[in-house]
Visitor: 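Supplied in structure tokens, the structure appears directly below.
The first residue in the sequence is number 1, and the count goes up from there.
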Amino acid sequence: QVRLVEFGGGAVQAGGSLRLSCAASGLSFSRYNMGWFRQAPGKEREFVSAITWSSSNTDYAVSVKGRFTISRDNAKNTVYLQMNTLNAEDTAVYYCAADYGFGVAYSRKGYDYWGQGTQVTVSS
């Protein structure tokens, strides 16, 4: 049974930082590209960042580029999202997802497994 469990969400003031983690089990983690998505109230779930299985490629949504950093530790079956200089527009439920494909996937449809999400709330 595949499980993706996100950790590290919470409430933070604007300008602050959070580090999200996503622990994977039940799959060959090092073979999967991993992504982070987010969904704000009343909005569609959107792509935030992704990293290929070998960490050779990463990409970010324009809105987070330069502030967020994705990384992974295949030995720990964990992917991370370091979020700096947070603002109110970053408030959302953040989801990690696993993709057994080629390269970075930007669409939700490209991902095979999803976590349950973790809430990030940024107050201004």
Visitor: Any donor-acceptor pair under 3.5 Å linking the side chain of Asn33 with the backbone of Gly103?
Guide: yes

Visitor: Which atom pair, heavy atoms only, marks the closest approach of Tyr95 to Gln116?
Guide: CE2-O, 3.5 Å

Visitor: Consider only side-chain heavy atoms of I, L, V, M, F, W and Y, link residues closer than 4.5 Å, and tell whether Tyr60 and Leu86 are in one cluster.
Guide: yes

Visitor: Verify, without hydrogens or angle tests, whether Thr52 (side chain) and Asn57 (backbone) share a donor-acceptor contact under 3.5 angstrom.
Guide: yes

Visitor: Shortest non-hydrogen contact from Cys22 to Met34?
Guide: SG-CE, 4.5 Å

Visitor: Considering only distance and modelled atom types, tabulate donor-acceptor pairs under 3.5 Å from the side chains of residues 117-124, sequence neighbours left out.
Guide:
residue, atom, partner, partner atom, Å
Thr118, OG1, Gly9, N, 3.3
Gln119, NE2, Ala92, O, 3.4
Gln119, NE2, Thr121, OG1, 3.3

Visitor: Between Glu6 and Ser21, does the side chain to side chain contact (heavy atoms under 4.5 Å, CB included) criterion hold? Intermediate values first, please.
Guide: CA-CA 6 Å; Glu6 298 95 339; Ser21 302; over 6 Å; no

Visitor: When rounded to the nearest 0.5 angstrom, what is the spacing between NZ in Lys43 and CZ in Arg38?
Guide: 8.5 Å

Visitor: Please, which pairs that meet salt bridge (Lys or Arg N to Asp or Glu O under 4.0 Å) have at least one residue in residues 60-86, sequence neighbours excluded?
Guide: Asp59-Lys65, Arg67-Asp90

Visitor: Hey, does the side chain of Ser28 reach the backbone of Ser30 with a donor-acceptor pair shorter than 3.5 angstrom?
Guide: no

Visitor: Just by distance, do the side chain of Tyr111 and the backbone of Cys96 share a donor-acceptor pair under 3.5 Å?
Guide: no

Visitor: Considering only residues two or more places apart or on different chains, which pairs with a residue in residues 9-34 satisfy ring pair (Phe, Tyr, Trp, His ring centres under 6.0 Å)?
Guide: Tyr32-Tyr100

Visitor: Would you say the ring centers of Phe37 and Trp114 fall short of 6.0 Å from each other?
Guide: yes

Visitor: Less than 6.0 Å separating the ring centroids of Tyr106 and Phe47?
Guide: yes

